[in-house]
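All remarks here apply to the structure that follows.
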Amino acid sequence: MKPMTQTKTWNPTLSAAALLALAAQLAAAHVHAQVRTQQTQVTSTRPAATDSSVTTLDASDRVAQEIWGLSKDEMIRAKVLAQGPRRNFSVPNLSPLEILGIHARSNAERQQYAERFARIFRADVERSIAWDRAYQAAMAKLFPNDPMISYDGLPKVAATAGAADMVNVPRTQIIETHAPSTPVPQARK
């Protein structure tokens, strides 16, 4: 007797059911991955409820809050944001006002933070310029006949007058050369 061989035939109902089951599993896995990703993102930008160091202000934070003109809530939000992506993407000394501006929740809020930062920055530049003027006046008063930098005894360098002028080297300290693109003047006969 001949052994019975089984031939497999394609069953459209079974195949459709298998495809549906596979699609359901893939969809469930995708939803699960989205939930995990969203939880990870939330966790990475929000401190844990037990991490009070981020959600409370210490003395240093309160000084920064006052300097930058922030409310308590704004300062806490800046601290929380500084622990998220800003920690990796920005310089460590980014101000809380800049952090809030970068992470503004609307264009109006971004504009408000930008204007506050501009006022503070301008005031700082004005203070720096006032300090420099006072320093220059003090140097002129205390050392009226002494140059700030003495080039006496230093060797002269070969340079173009333009290059020396750009770096404030007196022309007495250079052996003048001509720029490569400038033709050397010919002596008249």
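Computed from a prediction, not measured in an experiment: that's the story for all the values here.
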For [X] versus [Y], what's the shortest heavy-atom pair and its separation?
X    : Y    : value
R110 : I102 : NH2-O, 4.5 Å
I99  : A78  : CG2-O, 3.9 Å
E74  : G69  : OE1-O, 4.3 Å
F117 : S95  : CE1-OG, 3.9 Å
P155 : Q173 : O-NE2, 4.1 Å
L81  : H103 : CD1-CB, 3.5 Å

Validation row: [X], [Y] side chains within 4.5 angstrom (heavy atoms):
X    : Y    : value
L100 : L70  : yes
R77  : R105 : yes
R127 : D124 : yes
Q136 : D132 : yes

For [X] and [Y], indicate whether the former's side chain and the latter's backbone hold a donor-acceptor pair under 3.5 Å.
X    : Y    : answer
D61  : D58  : yes
Q112 : A108 : no
K79  : P96  : no

Shared hydrophobic cluster for [X] and [Y] (ILVMFWY, side-chain gaps under 4.5 Å):
X    : Y    : result
L142 : Y135 : yes
I175 : V167 : no
I174 : L154 : no
I120 : I129 : yes

Measure the spacing between [atom1] of [X] and [atom2] of [Y] and express it to the nearest 0.5 Å.
X    : Y    : atom1 : atom2 : value
R133 : S128 : CZ    : OG    : 11.5 Å
Y113 : L97  : OH    : CG    : 7.5 Å
D165 : T160 : CG    : OG1   : 8.0 Å

Could K156 and E176 be called an ion pair, given the rule that one side-chain N must be under 4.0 Å from one carboxylate O?
no
Would E66 and R62 pass as an ion pair if we require N to O under 4.0 Å?
no
Just wondering, more than 12 heavy atoms not from N93 lying within 6.0 Å of its CG?
yes
Verify side-chain contact (heavy atoms from CB on, under 4.5 Å) between M139 and D146, making sure each step is shown before the conclusion.
CA-CA 9 Å; M139 286 296 290; D146 292 346; over 6 Å; no
